[in-house]
**Q** 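Okay, handing you the structure first.
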There are 2 protein chains.
Amino acid sequence: MTRRATIPVQSAAARPRGKTRNGKSRNDKTAERNGRTDAIDLSPLPDRVGYMLRRAQLAVFKNFVRTCAEFDIRPAQYAVLTVIENNPGLKQIDISTALGIKRTNLVALIDLLERRGLARREPVPADRRSYALHLTARGKTLMGKLHARVDAHEQQVRDALGAEARDRLLPMMRRLIAALGPGSADEES
Amino acid sequence: MTRRATIPVQSAAARPRGKTRNGKSRNDKTAERNGRTDAIDLSPLPDRVGYMLRRAQLAVFKNFVRTCAEFDIRPAQYAVLTVIENNPGLKQIDISTALGIKRTNLVALIDLLERRGLARREPVPADRRSYALHLTARGKTLMGKLHARVDAHEQQVRDALGAEARDRLLPMMRRLIAALGPGSADEES
DNA sequence: TATTGTTATACTCTATAACTATA
DNA sequence: TATAGTTATAGAGTATAACAATA
């Protein structure tokens with residue numbers, strides 16, 4: 001190996017903070033062994049909403065990508081296609097606002113969809129700065145199959161959640177977004 | 001403007017799919033106007049767990065970053081620092097597994113923490129392939145202040161959620177992760 | 001042979017500044 | 001002046017392949 005010089009070792013036992021911050025008493029299972037047979041103390045991360053939200057979101061997105069692998073469609077692409085499908089003639093700035101994607105980042109996304117023959121930019125005579133977005137025939141056909149796949153994905157997710165949680169989760173997410181502000185674009189600094 | 005050639009316009013009215021897929025009857029408010037005064041139809045996105053999870057996660061992370069701006073610490077850095085704090089002497093591979101960060105991506109993260117003088121790689125005599133990770137004194141001091149900030153952030157999030165939701169959300173996230181598999185590294189393909 | 005850390009690389013997503021052509 | 005789309009660019013985060021040192 002070709003790295004880092006040797007550094008004087010410090011006693012590894014000291015608990016950084018006075019309190020333990022969770023239930024587990026450090027040292028009943030010494031974590032500083034080799035094979036790492038005992039569990040790692042993640043506290044307080046598993047009790048943080050943000051951390052668990054992130055892990056869960058990654059798991060759900062991964063399932064989405066796997067489910068839609070046949071069509072090579074990612075969540076963001078599906079969202080844009082869906083909005084165009086529901087609101088044909090929309091401008092990019094409208095999609096940007098609706099989905100919280102900065103208009104500057106939407107360009108490449110639309111470019112891709114256009115290159116793949118799924119969506120189309122059409123000139124707007126009334127305002128020659130903007131484009132009216134539409135699905136192509138191929139895009140519409142794809143969405144037909146895609147929605148079915150995404151429905152299947154959603155069913156897996158809801159099965160994982162269980163019946164009682166299913167109806168409570170979405171309102172929670174809405175409350176978080178409303179109270180903390182939308183996490184993405186929009187606020188155009 | 002220097003782009004795209006003119007494309008023949010197609011009728012913008014046609015509803016792409018046979019069914020409406022949501023409650024809103026398209027066309028009671030025609031969406032194809034100019035000023036975009038009426039709402040955009042996002043269905044079925046706001047009812048998708050993945051979509052709402054993503055929007056909420058971005059909102060929460062944004063709040064986290066804002067709250068910890070003074071220390072210039074991002075969620076991933078906080079997670080790594082926390083794990084090292086709780087389990088001094090840990091190897092990178094252990095952190096990788098615990099947090100779902102690929103060991104290959106953890107390198108730059110640890111490099112940064114080391115460069116900032118917050119963490120330290122120490123040689124392990126028993127296994128000269130790996131390093132034992134520790135917080136520096138400066139890292140420990142930072143974590144003291146940081147935990148307080150993150151606690152404040154967490155309180156804001158929990159206030160936004162409301163009391164009844166607070167206790168239900170985390171178990172839901174656990175169920176999603178358990179059922180769908182951890183979204184990140186680990187499974188080392 | 002397998003594991004640990006590493007480099008190199010690529011792709012997605014997010015973000016800011018600045019330009020253009022229109023309005 | 002403001003808006004819509006764009007370019008250029010930068011930084012996180014995630015992903016794979018391949019290597020050296022060590023087990």
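In what follows, chains are A, B, ... by sequence order, proteins preceding strands, each numbered from 1.
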**Q** Check whether any side-chain heavy atom of A:Val49 sits under 4.5 Å from a side-chain heavy atom of B:Arg158, and report yes or no.
**A**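 Yes, their side chains come closer than 4.5 Å.
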**Q** With a 3.5 Å cut-off and just heavy-atom distances, do the side chain of A:Thr104 and the base of D:dT7 make a donor-acceptor pair?
**A**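 In this structure, the two groups form a donor-acceptor pair.
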**Q** For the side chain of A:Arg129 and the base of D:dT3, is some donor closer than 3.5 Å to an acceptor across the two?
**A**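 Indeed there is one.
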**Q** State, to 0.1 Å, how close B:Ile84 and B:Ala119 come at their nearest heavy-atom pair, and which atoms those are.
**A**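 Where B:Ile84 meets B:Ala119 most closely, the heavy atoms are CD1-CB, 4.3 Å.
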**Q** Does A:Asp127 get its side chain close enough to the base of D:dA4, under 3.5 Å, for a donor-acceptor pair?
**A**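 No such pair is found, so the answer is no.
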**Q** Does A:Lys62 have a side-chain nitrogen or oxygen under 4.0 Å from the phosphate oxygens OP1 or OP2 of D:dT14?
**A**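 Result: no.
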**Q** In dot-bracket notation, what is the pairing pattern of DNA chain C, taking Watson-Crick (N1-N3 plus N6-O4 or O6-N4) and G-U wobble (N1-O2 and O6-N3) contacts under 3.5 Å, with [ ] crossing and | for other strands?
**A** |||||||||||||||||||||||
**Q** Can you sort out the partners of B:Arg174 under salt bridge (Lys or Arg N to Asp or Glu O under 4.0 Å), two or more places apart, ordered by chain and number?
**A**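 For B:Arg174, no residue satisfies salt bridge (Lys or Arg N to Asp or Glu O under 4.0 Å) once neighbours in sequence are set aside.
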**Q** Separation of A:Gln57 atom CD from C:dT14 atom C1', in whole Å?
**A**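 For the pair A:Gln57 CD and C:dT14 C1', the rounded distance is 13 Å.
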**Q** From CZ of A:Phe61 over to C1' of D:dA15, roughly how many Å is that when rounded to an integer?
**A**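 That distance rounds to 17 Å.
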**Q** Rounded off to whole Å, could you give me the CD1-to-P distance for the A:Ile101 and C:dA15 pair?
**A**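 Computing the A:Ile101:CD1 to C:dA15:P distance gives 11 Å.
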**Q** Does the side chain of A:Gln92 get closer than 4.0 angstrom to OP1 or OP2 of D:dT6 through an N or O atom?
**A**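 So the side chain of A:Gln92 is within the cut-off, an N or O lying under 4.0 Å from OP1 or OP2 of D:dT6.
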**Q** Round to the nearest Å and state the distance from A:Leu109 atom CG to C:dT12 atom P.
**A**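 Rounded to the whole Å, the gap is 9 Å.
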**Q** Ion pair present between B:Lys145 and B:Glu70, side-chain N to carboxylate O less than 4.0 angstrom?
**A**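 No.
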**Q** Pick the nucleotide of DNA chain D nearest each of A:Arg54 and A:Leu106; which residue has the one closer to the 5' end?
**A**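 Here A:Leu106 is the residue nearer the 5' end.
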**Q** How close or far is atom P of C:dC11 from atom CG of A:Leu112, stated in whole angstroms?
**A**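 It is 12 Å, rounded to the nearest whole Å.
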**Q** Nearest whole Å is fine: how far is C:dG5 P from B:Leu113 CG?
**A**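 Spelled out: CG on B:Leu113 to P on C:dG5 is 15 Å.
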**Q** Should B:Asp151 and A:Arg48 count as an ion pair when the cut-off is N to O under 4.0 Å?
**A**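 Result for this pair is yes, salt bridge flagged.
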**Q** Please walk me through it: do A:Tyr78 and A:His147 pass ring-ring contact (aromatic ring centres under 6.0 Å, His included)?
**A** CA-CA 9 Å; A:Tyr78 171 71; A:His147 280 305; 5.6 Å; yes
**Q** OP1 or OP2 of C:dT22 less than 4.0 angstrom from a side-chain nitrogen or oxygen of A:Arg128, does that happen here?
**A**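 Result: yes.
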**Q** Let me know the distance between NZ of B:Lys102 and C1' of C:dA8, rounded to the nearest Å.
**A**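 Spelled out: NZ on B:Lys102 to C1' on C:dA8 is 16 Å.
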**Q** Here's a test of your reading of the structure: between B:Pro75 and A:Asn105, which maps to the more 5' nucleotide of DNA chain D?
**A**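 Of the two residues, A:Asn105 wins.
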**Q** With a 4.0 Å cutoff (strictly under), does any side-chain N or O of A:Lys91 reach OP1 or OP2 of D:dA4?
**A**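 A:Lys91 to D:dA4 OP1/OP2: side-chain N or O found under 4.0 Å.
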**Q** Heavy-atom nearest nucleotide on DNA chain C for A:Pro125 versus A:Ala76: which residue maps closer to 5'?
**A**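 The residue closer to the strand's 5' end, by nearest nucleotide, is A:Ala76.
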**Q** Round to the nearest Å and state the distance from A:Asp111 atom CG to D:dA4 atom P.
**A**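 After rounding, the gap between these two atoms is 18 Å.
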**Q** Under 3.5 Å, is there a donor on one side chain and an acceptor on the other for B:Asp159 and B:Gln155?
**A**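 There is such a pair (donor and acceptor under 3.5 Å, judged by atom type) between the side chains of B:Asp159 and B:Gln155.
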**Q** A:Met52 and A:Leu42: same hydrophobic cluster, using ILVMFWY side-chain contacts below 4.5 Å?
**A**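 Per the 4.5 Å side-chain linkage, A:Met52 and A:Leu42 are co-clustered.
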**Q** Taking only side-chain nitrogens and oxygens of A:Arg74, does any of them come within less than 4.0 Å of OP1 or OP2 of D:dA15?
**A**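 The answer is no; no side-chain N or O of A:Arg74 sits under 4.0 Å from OP1 or OP2.
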